Amino acid sequence: MLGNFSYCNPTKLYFGEDSLDNLNIELPKYGKNVILIYGGGSIKKNGIYDEVVEILKKNGKNVAEISGVMPNPTVDKLYEGIETARNHNADFLLAVGGGSVCDYAKAVSVSVNCKEDPWEKYYIRFEEPDCETLPVGCVLTMVGTGSEMNAGSVITNHKTKQKIGHVFADENIMPKFAVLNPKYTLTLPHYQMVSGIYDIFNHICEQYFSGEDDNTSDYISEGLMRSVIYSSRIANKDPQDYEARSNIMWTATWALNTLVSRGKSTDWMVHMLGQSVGAYTDATHGMTLAAVSLPYYRHILPYGLQKFKRFAVNVWDVDPSGKTDEQVAEEGLQAMENWMNELGLVMNISQLGATEDMIEGIADGTLIMPGGYKVLEHDEIVEILKESLR
């Protein structure tokens, strides 16, 4: 491993079927005024809402709610949440839902006491908080983003057609704790399940496809990817398989809690492309990633050939005997494509509502990241997006 790095992750995890009981351990550590944050109401249908509210009441909390957090949380929804938290004199934010709800809670956390426009400060200028932030806890009901154990927060601005993520530098922005009960994920529709699975896989890819040194982080990534592939095939056939779903949930957390990024550069161009597509289409995040991944990886393969060859052999069990490095690498991407089709992922952005006349705008909204095997030019982004239409 090359270079110098630090690693700190203060989030405490509670995992398993009885994990929600641990709210009784955590809630007394924080103030009385709690904001309960959730999405479209599925937690009321499956009973999780009632369980959480009962525990909050048992712990003497004064609760206000922010409901209706959408899959791609908007800046307007952020402003609404800031007002609610201020009016309630919030001491603590409890997010109950998927990654978008966790992302949103962190955005509210850093914005409640911010004296500037948080969109401009955090998502345009990428500045760090210089105000007091609110502690966040998460009860996870959908896996994929890893937001339950990192300091990232993605917000969409429909007016400017931008979807931007900010990974805050201070580990204090990370959730103080996260409750992970795999049973909560069993009621997800198939589309959402496989979308989350691909989000997990691509998080690992974004950190894996970079660097040329022998790095322990890459060995960990390969194991995580193999676990995702194996468990996803079981869950795809039987979504109620608890063991498969629990492994997927656990892998999602470790895919993006900064562990496998240590000691190396990282790429993130698939996310930049996918997020820009999402800003135009409001499509499900994991599906935007799936739709642009293969055109992007095939474009950069010549620049990172040895890593793509290693990916083929170590992740997809491609036999390299008698083949060129290029053939092995291409076979690995074909195996990945076959797996993606097997899961039923969206494989082009036209299926998500993107059209030819959106391409230039999507390309203009794509942030260019320098950490991968090729720093893209604007015309390359346009070409990748055109390829993703097909």
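Bear in mind that the values here come from a model prediction, so they are computed numbers and not experimental data.
Side-chain contact check for Y208 and E222: at least one donor-acceptor pair (N or O, by modelled atom type) lies under 3.5 Å. Side-chain atoms of N150 and N257 form no donor-acceptor pair, as typed in the model, at a separation below 3.5 Å. D76 and H158 share no side-chain donor-acceptor pair at under 3.5 Å. Inspection of the N89 and N33 side chains reveals no N or O donor paired with an N or O acceptor under 3.5 Å. Checked by atom type, the side-chain pair H378/E360 shows a donor-acceptor distance below 3.5 Å. No hydrogens or angles considered: nothing links the side chains of E26 and N22 as a donor-acceptor pair under 3.5 Å. There is a side-chain donor-acceptor pair under 3.5 Å between D103 and S147. Counted by atom type alone, S67 and E65 present zero donor-acceptor pairs between their side chains at under 3.5 Å. Donor-acceptor pairing under 3.5 Å is recorded for the side chains of D117 and Y79. Residues D214 and Y219 bring a donor and an acceptor atom of their side chains to less than 3.5 Å of each other. The closest side-chain donor-acceptor pair between E148 and T253 falls under 3.5 angstrom.
Paired with M369 under the rule side chain to side chain contact (heavy atoms under 4.5 Å, CB included), one option of E206, H271, M272 passes, and it is M272.
Within a 6.0 Å sphere centred on CD of E120, heavy atoms belonging to other residues, nucleotides or ligands number more than 12. Other residues, nucleotides and ligands place no more than 12 heavy atoms under 6.0 Å from the CD atom of E83. The number of heavy atoms from other shown groups lying within 6.0 Å of NZ (K183) does not exceed 12. Enclosure of atom NZ in K58 is not indicated, since only 12 or fewer non-hydrogen atoms of other residues, nucleotides or ligands lie within 6.0 angstrom. Few gaps surround OH on Y242; more than 12 heavy atoms of other groups in view lie less than 6.0 Å from it.
Of the inter-residue distances, the one linking S388 atom OG with E383 atom CD reads 9.5 Å to the nearest 0.5 angstrom. The line from CG of N202 to CE of M225 is 10.5 Å long, rounded to the nearest 0.5 Å. To the nearest 0.5 Å, atoms CZ (R310) and CG (D325) are separated by 14.0 Å. Taken from CD1 in I200 to CG in L224, the straight-line distance is 10.0 Å, to the nearest 0.5 Å.
Here the closest heavy-atom approach between residue C131 and residue Y122 is recorded as SG-OH, 4.0 Å. Residue I35 comes nearest to A90 through the heavy atom pair CG1-CB, 3.6 Å, listed as atom of the first residue, atom of the second, then distance. Taking both residues in full, the closest heavy atoms of V328 and K309 are given as CG1-CG, 3.8 Å, listed atom of the first, atom of the second, then distance. Across every non-hydrogen atom of S231 and N247, the tightest pair is OG-CB, 3.5 Å. Q192 and L188 make their closest contact through CB-CD2, 4.4 Å (heavy atoms, listed as atom of the first residue, atom of the second, distance).
For the pair R226 and F311, the cation-pi criterion (under 6.0 Å, within 45° of the ring axis) is not fulfilled. Geometrically, K106 does not engage F168 in a cation-pi contact, judged by NZ or CZ lying under 6.0 Å from the ring centre and within 45° of the ring axis. Cation-pi geometry between K44 and Y49 is met: under 6.0 angstrom from the ring centre, within 45 degrees of the axis.
Ring-centre distance between F92 and Y30: below the 6.0 Å cut-off. Ring pair F201/W339: centre-to-centre distance below 6.0 Å. With ring centers used as reference points, Y297 lies under 6.0 Å from F209.
We find that E116 and R125 are joined by a salt bridge, their nearest charged nitrogen and carboxylate oxygen being less than 4.0 Å apart.
In this structure, E54 has no side chain to side chain contact (heavy atoms under 4.5 Å, CB included) partners at least two apart in sequence or on a different chain.
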